[in-house]
Trainee: 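My structure is below; once you've seen it, I'll send some questions.
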Amino acid sequence: MSTKGSQFPDSLLRAINDWQCGGDLNQKRKRGARLKTECASLPAQYKTTFLVCFRQLALKPAAVWELHSNLCLAETISAWTLSTGVAREIKGGVSPDPQVPGLILEIVPPPSSIIVNLDALYREPAFVAAHQAAKSRIRGYYDGIDKYGDTQCEVVLELDSVPMSAAYALGGHSSDAEDIPRLLFGHNPSKAELDEFGTLLARSDQKLGPRWIVGAAKDRVLQRTLIQYGVMTAPAERSQDTQGSATKDGGHDCSSCVSDYAWGSDT
């Protein structure tokens, strides 16, 4: 058994293991509270990060939005990652359900919000030795610590909400290869126009289907979504044609149109 006063006692290891095992919302809340208690006395180096943290979640209906500027989190104690790759691919990546688009948040967490930096803990040889020595005393060890370990570059944070500006990427499903040209050209495309669109799409290096969008395209689609949810008011229509973005050679910018219609032509 772990020695009394050990830096990594069995109670801490069990709390970390249970947290990494996951569970339903109620389990996560209970396990998060226990994790917070067990990590309270950890040295500062395991409760600190100066790096950007990311979290993927499902963007559900308007009830998640508050005060037009903050996104409420169902789990106040939640798992974040230091890796954009993990944030993009965790939970299978972009949701297969086009009606539940994904959202990736990014923040530099306030020091007071950090429950534990698991990424730092797993880099500590003494912690690795402690959990390996205690594995026979940890129920579900092979479904938690052994299964996930340091693969998720995880930092556990306690946050009630995050600002809307924390949106790093949006996930969704683009319209099909006929819907986008129809939106782009403003009418049912001819075979020649479909061929033209295919050429422009290949040139733009864009792909149809599920994907994450970032930058200005993300901002445009997020605005449309908030308008759809009734959180924002639609801006006044611009006088110029907005059916698509013209390129220098008179064609259309497929990078813009694929992103703008990433959540389907009915939004």
Side-chain angles (χ1 to χ4, degrees), residues 51-73 80-91 93-95 97-109 159 161-176 179-184 186 200-201 203-248 251-267:
L51 301 176
V52 175
C53 294
F54 302 87
R55 185 182 182 210
Q56 183 199 132
L57 48 78
L59 186 58
K60 294 183 178 179
V64 300
W65 302 99
E66 180 185 70
L67 303 178
H68 292 217
S69 60
N70 289 312
L71 175 64
C72 293
L73 301 178
W80 293 66
T81 177
L82 299 173
S83 165
T84 56
V86 170
R88 287 170 179 265
E89 298 303 323
I90 199 169
K91 304 175 185 176
V94 176
S95 169
D97 183 355
Q99 302 305 314
V100 186
L103 174 67
I104 296 178
L105 303 170
E106 66 170 341
I107 63 167
V108 176
L159 297 164
S161 64
V162 294
M164 198 82 74
S165 58
Y168 164 75
L170 294 173
H173 296 251
S174 66
S175 304
D176 64 32
D179 286 339
I180 291 179
R182 184 171 63 250
L183 291 164
L184 189 152
L200 292 170
L201 185 65
R203 186 189 306 168
S204 70
D205 197 30
Q206 295 291 311
K207 294 181 179 180
L208 301 182
R211 69 194 192 98
W212 295 105
I213 58 172
V214 298
K218 172 263 298 180
D219 293 336
R220 290 192 296 269
V221 177
L222 179 59
Q223 182 185 58
R224 272 184 32 227
T225 303
L226 296 181
I227 291 171
Q228 177 188 354
Y229 283 171
V231 174
M232 290 180 63
T233 302
E237 292 187 4
R238 293 175 295 180
S239 59
Q240 71 263 32
D241 177 22
T242 59
Q243 291 289 340
S245 301
T247 59
K248 291 181 180 179
H252 292 274
D253 179 1
C254 287
S255 174
S256 173
C257 71
V258 171
S259 297
D260 285 351
Y261 297 109
W263 291 353
S265 58
D266 58 345
T267 59

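Fair warning: this is a prediction, and the values are worked out from it, not measured in the lab.
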Trainee: Rounded to the nearest 0.5 Å, what's the gap from CH2 on Trp80 to CG on Leu159? Could you check?
Mentor: 6.0 Å
Trainee: Tell me if a side-chain donor or acceptor on Gln56 pairs with a main-chain N or O of Ala87 at a distance below 3.5 Å.
Mentor: yes
Trainee: Quick check on side chain to side chain contact (heavy atoms under 4.5 Å, CB included): which of Leu170, Val94, Leu103 does Trp212 satisfy it with?
Mentor: Val94
Trainee: Quick one: list whatever passes side-chain contact (heavy atoms from CB on, under 4.5 Å) with Leu51, sequence neighbours left out.
Mentor: Thr49, Leu82
Trainee: What are the two closest non-hydrogen atoms of Ser83 and Val86, and how far apart are they?
Mentor: OG-N, 3.1 Å
Trainee: In Å and rounded to the nearest 0.5 Å, what is the CZ to CD1 distance from Phe54 to Ile104?
Mentor: 8.5 Å
